[in-house]
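The analysis underlying the following values was restricted to heavy atoms, covering all of them including side chains, and did not include hydrogens, waters or symmetry mates. Every number for a ligand or one of its atoms is a count from 1 in the order of the listing. Source: prediction; values computed, not measured.
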Amino acid sequence: MSSFHKSVRHEIEQSRIIDGVALSHTIDAEVSDAIFRLEQECGQRPHLAVVVVGEDPASHIYVANKVKRCRKVGIESRKIQLAANVSQETLLGAVEELSTDKSVHGILLQLPLPQGMDAREIIHAIDPAKDVDGFHPLNFGRFMAGLDHALAPCTPQGCLRLLQTEISDFQGKDATVIGCSNIVGKPMAELLLQQGCSVTSVHHLSHDIEGKCRAADIIVAAAGAPQLVKASWVKPGAVVIDVGINRLRDLGKKPGIVGDVDFEEVRKVASAITPVPGGVGPLTISYLLVNTVRAFNNQLGVFSDEQLKL
Ligand code: GUN
């Protein structure tokens with residue numbers, strides 16, 4: 001066996017599963033510590049309002065998890081539940097009220113909204129200082145321009161933190177991001193650029209997606225396509241982050257969840273890979289908590305970023 005193949009074999013045997021649950025516990029402890037220090041300084045705790053419209057079961061599970069994680073770290077939270085047939089005006093009024101309520105420091109509008117409602121109009125009504133999702137155009141623009149104090153979208157921040165467990169120096173690395181949504185793909189590409197990577201963004205119109213992935217040291221898959229990324233798409237030793245959450249029941253299969261990566265195959269080639277579930281998902285909520293604490297700290301002007309240590 002050539003030394004190249006020996007080293008590939010070695011990588012295969014050493015392929016790591018990046019544990020998002022364990023990392024989320026670490027971040028939760030950092031958030032708890034920051035909240036403790038903030039409360040000592042200003043006598044208040046951050047307060048998050050979560051607005052959920054309708055009865056979508058997946059949204060209710062996500063919201064319950066968010067509320068539970070808030071409680072765990074010491075963030076106060078309230079859930080505003082509105083009926084599926086609520087009017088756009090009523091929802092807009094509820095969000096405007098939360099935007100002016102000084103006791104609320106973060107606002108999250110759970111998406112998707114029921115069909116026929118205009119999410120964009122509601123997101124624009126969230127006070128940008130309280131926009132813990134980082135979806136308001138002012139935050140998105142500030143973030144894309146690399147300005148300080150922008151609240152950045154949570155999932156890409158979580159992906160970067162997962163990558164940092166494997167990669168200490170991003171400069172000059174080649175990264176391919178599959179998917180170009182405003183929530184994940186575009187901000188992910190921007191974060192990797194800020195780290196010094198050369199970034200390729202691919203989407204459904206791209207030519208040779210497979211080749212563009214195979215050239216990459218880092219792959220972030222956020223396509224919403226079950227098990228799209230195959231072993232032949234991955235350079236031996238690459239780090240693979242799987243953002244996908246695809247419900248098998250929706251695909252007419254036995255219940256369960258798969259990502260956008262063919263995990264069992266790709267784990268034989270990658271140096272490290274995130275599982276689904278237990279990879280990116282817990283980190284998205286961690287960064288919701290981080291953004292809520294950052295928003296609170298910015299609004300009250302308690303600590304500098306260095307003092308906040310988040
Ligand atoms: N629905 C699914 N994921 C998310 C998220 O990260 N933020 C919001 N607001 N809604 C979601």
Side-chain angles (χ1 to χ4, degrees), residues 20 24 27 31 48-70 75 77-82 84 86 91-92 94-95 98-99 104-115 117-140 143 150-162 179-188 191 220-224 241-247 250 257 259-260 274 276-295:
S24 75
I27 299 169
V31 172
L48 175 69
V50 181
V51 180
V52 54
V53 183
E55 297 303 332
D56 176 51
S59 286
H60 279 271
I61 294 169
Y62 289 142
V63 167
N65 280 333
K66 287 169 185 174
V67 168
K68 198 165 116 191
R69 293 274 299 278
C70 280
I75 293 175
S77 66
R78 76 176 76 156
K79 178 174 148 187
I80 294 97
Q81 168 74 60
L82 298 166
V86 71
L91 175 58
L92 192 58
V95 167
L98 292 168
S99 281
V104 171
H105 310 104
I107 302 170
L108 181 141
L109 174 70
Q110 186 63 31
L111 299 174
L113 292 181
Q115 267 200 341
M117 298 195 85
D118 179 2
R120 198 185 311 189
E121 185 191 26
I122 310 297
I123 289 167
H124 286 198
I126 296 175
D127 177 349
K130 301 184 181 184
D131 167 37
V132 288
D133 263 325
F135 293 169
H136 190 287
L138 194 75
N139 282 319
F140 197 72
F143 165 68
L151 290 164
C154 301
T155 300
Q157 290 192 76
C159 293
L160 180 62
R161 184 73 180 253
L162 288 159
C180 297
S181 70
N182 288 334
I183 295 177
V184 184
K186 280 188 215 165
M188 187 74 242
L191 274 183
V220 180
I241 304 293
D242 190 350
V243 183
I245 301 176
N246 304 289
R247 278 162 229 288
D250 297 346
I257 288 174
D260 289 353
T274 57
V276 177
V280 173
L283 270 287
T284 294
I285 304 188
S286 289
Y287 278 91
L288 168 67
L289 308 177
V290 168
N291 274 357
T292 303
V293 175
R294 285 179 181 154

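Using modelled atom types and a 3.5 Å distance limit, the side chains of Gln157 and Asn291 yield a donor-acceptor pair.
Here the options are Val52, Leu288, Ile126, the test is side chain to side chain contact (heavy atoms under 4.5 Å, CB included), and the partner is Leu108; only Leu288 passes. The residue from Val276, Asp260, Ile257 that alone fulfils the side chain to side chain contact (heavy atoms under 4.5 Å, CB included) condition with Asn246 is Asp260. Here the options are Asn182, Leu109, Leu111, the test is side chain to side chain contact (heavy atoms under 4.5 Å, CB included), and the partner is Phe135; only Leu111 passes.
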Name each N or O atom in ligand 1 that is under 3.5 Å from a protein N or O, and give the partner atom and the distance.
{"from": "ligand 1", "atom 1": "1 (N)", "to": "Gln110", "atom 2": "NE2", "distance (Å)": "3.0"}
{"from": "ligand 1", "atom 1": "1 (N)", "to": "Leu111", "atom 2": "O", "distance (Å)": "2.8"}
{"from": "ligand 1", "atom 1": "7 (N)", "to": "Asp133", "atom 2": "OD1", "distance (Å)": "3.2"}
{"from": "ligand 1", "atom 1": "7 (N)", "to": "Asp133", "atom 2": "OD2", "distance (Å)": "3.4"}
{"from": "ligand 1", "atom 1": "9 (N)", "to": "Leu109", "atom 2": "O", "distance (Å)": "2.7"}
{"from": "ligand 1", "atom 1": "9 (N)", "to": "Asp133", "atom 2": "OD2", "distance (Å)": "2.6"}
{"from": "ligand 1", "atom 1": "10 (N)", "to": "Leu111", "atom 2": "N", "distance (Å)": "3.0"}

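The distance from the CG atom of Leu191 to the CZ atom of Arg161 is 13.5 Å, given to the nearest 0.5 Å.
By the salt bridge (charged side-chain N to carboxylate O under 4.0 Å, His left out) test, Arg78 is found to be paired with Asp101, residues two or more places apart in sequence or in another chain being considered.
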